Amino acid sequence: MRTPLVVGNWKMHGSCAMARELCDGIVAARSQYDGVDVGVCPPYVLLPLVAETLRGSGVRWGAQDVSEQVSGAYTGEVSAAMLKEFGAELVIIGHSERRAMYGDTDALTVLKLRQAQASGLLPILCVGETLEERKADRTEQVVARQLDALLQQADAAALLERLVLAYEPVWAIGTGETATPAQAQAVHAFIRGRIGGSAAGALRILYGGSVKPGNASELFAMPDIDGGLIGGAALKSEDFVAICAAARGRLATA
Ligand code: 13P
């Protein structure tokens, strides 16, 4: 049984007032997404407020990135141990925006993932192809390369035990253009197949890329789509709650 999971990636959006209002709205609507794992990943500086607002609600929270280092002279970085000590549960790793703009390579994402796991955080590892790569029919090749950085580790089986994957086609992020349920399902099935074994059956694979209240149900109806990683629509509590509620549709079959 894979409990559906919906996580909001706020990216570099928000303010104290917005975070409080958004979290209050998510908590108030709890009964609408009963049984679904729900989380939010705000910018670092909003974490204290988010933690306080969500306390006791069961809604998880975490960060959008983490350092690959344990501690030391790394100006601007935040360690996994710091996040864990503060009470975070989740951390997004290898988001395409980090890969494209901040030099996060496949190898670096594995180091970050190791730090997250060593500190007891649940990493959400993102993979996905660009439009150019899709047009060149290289989607599977790109996703396989991103995954293999992890699968080729000697202790891959252990790393896969405490991990969530997110398939986010870069061309669908923030563009309003969603992968069709069939397109997304095909890549999710490919990912599960590449992982293989018992780990594959237990692993949650989220879809991300212009998920909205209007398309969430059809995406979450696909057998290998276990929930969503939500950008723009996670910034309005009614929209985010509606998407979380749509994931309840999986509970009967989960
Ligand atoms: P959008 O939902 O805004 O397309 O963003 C998706 C995303 O990048 C989540 O990590």
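Computed from a prediction, not measured in an experiment: that's the story for all the values here. Heads up: numbering here begins at 1 and tracks the sequence. Start at 1 and go down the list; that is how both ligands and their atoms are numbered.
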### Task
Please verify whether a non-hydrogen atom of K11 lies at under 4.0 Å from ligand 1.
yes

### Task
Carefully, step by step, assess W171 and E132 under the rule side chain to side chain donor-acceptor pair (under 3.5 Å).
CA-CA 9 Å; W171 49 271; E132 224 171 45; over 6 Å; no

#### Entry: atom 2 (O) of ligand 1: nearest protein contact (heavy atom, Å)
G231 N, 2.9 Å

### Query
atom 3 (O) of ligand 1: which protein heavy atom is closest, and how many Å away?
G232 N, 2.8 Å

### Query
Backbone, side chain, both or neither: what part of N9 comes under 4.0 angstrom of ligand 1, heavy atoms only?
side chain

### Query
So, is T175 polar-close to ligand 1, with some N/O to N/O distance under 3.5 Å?
no

### Query
Can you check whether I191's main-chain N or O pairs, donor with acceptor, with Y167's side chain at less than 3.5 Å?
no

### Query
Are any of the side-chain heavy atoms of S79 and Q69 separated by less than 4.5 Å?
no

### Query
Does R162 offer a backbone N or O that forms a donor-acceptor pair with the side chain of Q117 under 3.5 Å?
yes

### Task
Could you check atom 7 (C) of ligand 1 against the protein and tell me its nearest heavy-atom contact, residue, atom and distance included?
E168 OE2, 3.2 Å

### Message
Using a 3.5 Å distance criterion without hydrogens, assess whether the side chain of R192 forms a donor-acceptor pair with backbone atoms of D224.
### Response
yes

### Query
Can you find a pair of side-chain heavy atoms, one from Y44 and one from F86, that are under 4.5 Å apart?
no

### Message
Less than 4.0 angstrom from a charged side-chain N to a carboxylate O is my criterion; do D239 and K212 meet it?
### Response
no

### Message
Below 3.5 Å, N or O to N or O, backbone or side chain included: is there any such pair between E97 and ligand 1?
### Response
no

### Task
Verify, without hydrogens or angle tests, whether R2 (side chain) and G201 (backbone) share a donor-acceptor contact under 3.5 angstrom.
yes

### Task
Show which atoms of ligand 1 fall inside a sub-4.0 Å distance from at least one heavy-atom site of G209.
4 (O), 6 (C)

#### Entry: Proximity to ligand 1 by part of A172, non-hydrogen separation under 4.0 Å
backbone

### Query
If we only count N/O pairs under 3.5 Å, is S210 in contact with ligand 1?
yes

### N or O pair under 3.5 Å between G174 and ligand 1
yes

